[in-house]
Colleague: 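Input: one structure, supplied below.
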Amino acid sequence: WGAVMSTGVVCTLYCTLGGLKAVVWTDVFQVGIMLAGLLAVIVQSVLLQGGISTIISDSAQGRRLNLWDFDPNPLRRHTFWSITVGGTFLWTSVYGIINQAQVQRYISCKSMFHAKMALYINLVCLWAISICSVFCGLCLYSFYKNCDPWTARKVSALDQLMPYLVLDILSEYPGVPGLFVAAAYSGTLRFVLLQSPPALAAVTIADLIRPYLSLSEKQLSWASKGMSLFYGAVCIRMAGVASLIIPVPKKSPVSCLNDYRPIGGLAGLISGLALSLWVCIRAQIYPPRPENSRPLALVTHGCNFSGSTNWTANRGKSRKVGLQKSDPFLLRPFLADNWYSLSYLYFGPMGTVTVITVGLVVSKVSGMRHSDM
């Protein structure tokens, strides 16, 4: 919580004082830090494991490279179709004209050419970060394929696995583990705190304050800074709320607003948001069955424990007993194994289709009533 509060406060302050210019330049430095941290892990892992081929081979033997799963079942968590279809909607919502944070960056460019070039550069950087992130995961598996640290209780949470690897292979190099921590923080700040407060402040000023209040440019500037500070505090508060639930990727029920039929757009927005929230929240209460999420095997036979035989056996027994007492798959409603088990990657398409369908129907009906009047 100290890290959450400190980074949140610092980020909020320079977003408030520096505005969009500070956000953009911080993004530039953060991309460099992220790539440096990921590459440090990859290079050291490749050197210690004896080459890239060893890491790829270990991952293939452990079934970590299942790239061609064409199962059309929407309940399966990760397949070719869920990633392709769901990923298309996700990234369209990020880089399309429906994302205020991104639009704010587009209009800050000098010309259309500069905006396009910025997107192309962003595409290359995004490819690099995604490929490095995936390969870091493969390096993690290659190192601990015979002794999973989480199963062996060397870490207390799954998100501690990569820091555990960093300390394991880079602790003898001063400053490098800190570089990876900075890279992890950069990814979080870049996609959450750095985008939300300035964008929300700009929307509030442009749509809710400027049209209704006669304020000078200086007064609007101060109002924008105040709103950035307010929304930054809200983001910090939301971090506490998010820690109480299972994190899921971003969902984007897109509103298809129409200039002369706002009722349809509003109805579609509310319907898509309500449906997405309903499925999302119920999915946290009733997690999908293993046949849909398909967790892969994790082993500890290569671990060097003191008294490992009895300790491992007792641990397995206690986990089994605990599962019987609080089995999440008992007493599940009918919708839990079909509707609530929908892959999270389809939440975006589901919300989008709902928004557009409801919006068009309501717009058509309200338009007919208006013409009758």
Colleague: What closest approach, in Å, do Gly264 and Val362 show between heavy atoms, and which atom pair accounts for it?
Modeller: CA-CG1, 3.7 Å
Colleague: Please give the remaining members of the hydrophobic cluster of Val124, linking ILVMFWY side chains under 4.5 Å, ordered by chain and number.
Modeller: none
Colleague: With clusters defined by side-chain heavy atoms of hydrophobic residues (ILVMFWY) lying less than 4.5 Å apart, directly or transitively, does Leu39 cluster with Val166?
Modeller: no
Colleague: With sequence neighbours excluded, tell me which residues meet side chain to side chain donor-acceptor pair (under 3.5 Å) with Asp159.
Modeller: none
Colleague: Looking just at side-chain N and O atoms, do Asp148 and Tyr141 make a donor-acceptor pair shorter than 3.5 Å?
Modeller: no
Colleague: Would you list the atom pairs, donor with acceptor, under 3.5 Å between side chains in residues 168-183 and any protein atom, with sequence neighbours excluded?
Modeller:
unit_1, atom_1, unit_2, atom_2, d
Asp168, OD2, Tyr144, OH, 2.7
Ser171, OG, Leu167, O, 2.9

Colleague: Taking the side chain as everything from C-beta on, heavy atoms only, tell me whether Arg77 gets closer than 4.5 Å to Leu345.
Modeller: no
Colleague: Please test Tyr95 against Asn122 for side-chain hydrogen bond (donor to acceptor under 3.5 Å, both in side chains), starting from the C-alpha separation and ending with a verdict.
Modeller: CA-CA 10 Å; Tyr95 291 106; Asn122 176 86; 2.7 Å; yes
Colleague: Sorted by first residue and then second, give each salt bridge (Lys or Arg N to Asp or Glu O under 4.0 Å) pair with at least one member in residues 340-354; sequence neighbours left out.
Modeller: none
Colleague: Measure across Leu165 and Cys139 and return the closest heavy-atom pair with its distance rounded to 0.1 Å.
Modeller: CD2-C, 4.5 Å
Colleague: For Arg64, enumerate each residue passing the salt bridge (Lys or Arg N to Asp or Glu O under 4.0 Å) test, keeping only those at least two apart in sequence or located in another chain.
Modeller: none
Colleague: Identify whether Leu48 and Tyr164 are in the same connected component of the hydrophobic contact network (ILVMFWY, side-chain heavy atoms under 4.5 Å).
Modeller: yes
Colleague: Drop me the distance from Tyr346's OH to Leu90's CG, to the nearest 0.5 angstrom.
Modeller: 13.5 Å
Colleague: So Leu335 and Asn338, side chain to side chain contact (heavy atoms under 4.5 Å, CB included) or not? Walk me through it.
Modeller: CA-CA 5 Å; Leu335 294 178; Asn338 43 72; 3.6 Å; yes
Colleague: Using salt bridge (Lys or Arg N to Asp or Glu O under 4.0 Å) as the criterion, list what pairs up with Asp58, not counting sequence neighbours.
Modeller: Lys145
Colleague: CD1 of Ile285 to SG of Cys280: how many Å apart, nearest 0.5 Å?
Modeller: 10.0 Å
Colleague: With the side chain counted from C-beta on, respond yes when Trp91 and Leu126 share a heavy-atom pair under 4.5 Å apart, and no when they do not.
Modeller: yes
Colleague: Can you see which heavy atom on Gly268 is nearest to which on Val355, and at what distance?
Modeller: O-CG2, 3.2 Å
Colleague: Can you tell me how far the OG atom of Ser130 sits from the CG atom of Leu38, to the nearest 0.5 Å?
Modeller: 10.0 Å
Colleague: Can you tell me how far the OG atom of Ser341 sits from the OH atom of Tyr286, to the nearest 0.5 Å?
Modeller: 11.5 Å
Colleague: Among side-chain atoms of His114 and Tyr106, is any donor-acceptor pair under 3.5 angstrom?
Modeller: no
Colleague: How would you list all residue pairs meeting salt bridge (Lys or Arg N to Asp or Glu O under 4.0 Å) that involve residues 205-234, not counting sequence neighbours?
Modeller: Arg210-Glu217
Colleague: Are Leu200 and Val203 connected into the same hydrophobic cluster when the rule is that any two of I, L, V, M, F, W, Y join if their side-chain heavy atoms are below 4.5 Å apart?
Modeller: no
Colleague: Test Lys154 against Cys147 for side chain to side chain contact (heavy atoms under 4.5 Å, CB included), laying out the working first.
Modeller: CA-CA 10 Å; Lys154 293 183 178 181; Cys147 180; 3.9 Å; yes
Colleague: Once side chain to side chain contact (heavy atoms under 4.5 Å, CB included) is applied, do any residues pair with Phe70, and if so which ones, sequence neighbours excluded?
Modeller: Trp68, Phe80, Trp81
Colleague: Measure the shortest side-chain to side-chain distance between Leu140 and Cys136 over non-hydrogen atoms and say whether it is less than 4.5 angstrom.
Modeller: no
Colleague: Do Phe135 and Val41 have side chains that approach each other closer than 4.5 Å (heavy atoms only, starting at C-beta)?
Modeller: no
Colleague: Just wondering, more than 12 heavy atoms not from Leu119 lying within 6.0 Å of its CG?
Modeller: yes
Colleague: Do the side chains of Pro288 and Leu75 get nearer than 4.5 Å, heavy atoms only?
Modeller: no
Colleague: What about Ile83 and Tyr344, same hydrophobic cluster or not, with Ile/Leu/Val/Met/Phe/Trp/Tyr joined at side-chain heavy-atom distances under 4.5 Å?
Modeller: yes
Colleague: Give the other cluster members for Trp127, using side-chain heavy-atom distances under 4.5 Å between Ile, Leu, Val, Met, Phe, Trp and Tyr residues; answer none if it is isolated.
Modeller: Leu123
Colleague: Are Ile33 and Ile129 connected in the hydrophobic side-chain network, where two residues link if heavy atoms are under 4.5 Å apart?
Modeller: no
Colleague: Do other residues, nucleotides or ligands put more than 12 heavy atoms under 6.0 Å from Trp25 CH2?
Modeller: no
Colleague: Hey, could you give me the OG/CG distance between Ser82 and Asp71, rounded to the nearest 0.5 Å?
Modeller: 9.5 Å
Colleague: Mark yes or no for whether Ser366, through its side chain, and Ser363, through its backbone, hold a donor-acceptor pair below 3.5 Å.
Modeller: yes
Colleague: For residues 29-42, pull every pair meeting salt bridge (Lys or Arg N to Asp or Glu O under 4.0 Å), keeping only residues two or more places apart or in separate chains.
Modeller: none
Colleague: So, the side chain of Ser276 versus the backbone of Leu273: is there a donor-acceptor pair under 3.5 Å, distance only?
Modeller: no
Colleague: With sequence neighbours excluded, give me every side-chain hydrogen bond (donor to acceptor under 3.5 Å, both in side chains) pair touching residues 38-52.
Modeller: Gln49-Ser142
Colleague: Please tell me whether Thr204 and Tyr231 have a donor and an acceptor in their side chains that are separated by less than 3.5 angstrom.
Modeller: yes
Colleague: Looking only at heavy atoms, what is the nearest atom pair of Met227 and Ala201, with distance?
Modeller: CB-CB, 3.8 Å
Colleague: Roughly how far apart are Asn73 CG and Thr79 OG1, rounded to 0.5 Å?
Modeller: 8.5 Å
Colleague: Any donor-acceptor pair under 3.5 Å linking the side chain of Thr354 with the backbone of Gly272?
Modeller: no
Colleague: When clusters are formed from ILVMFWY side-chain contacts under 4.5 Å, directly or step by step, what else is grouped with Val43?
Modeller: Leu47
Colleague: Stepwise, does the side chain to side chain contact (heavy atoms under 4.5 Å, CB included) test hold for Val358 with Ile270?
Modeller: CA-CA 9 Å; Val358 174; Ile270 295 175; over 6 Å; no
Colleague: Looking only at atom types and distance, does a side-chain atom of Ser224 sit under 3.5 Å from a main-chain N or O of Leu220, one as donor and one as acceptor?
Modeller: no
Colleague: Apply side chain to side chain contact (heavy atoms under 4.5 Å, CB included) to Trp278 and Trp339, showing your working.
Modeller: CA-CA 10 Å; Trp278 173 42; Trp339 182 235; 3.1 Å; yes
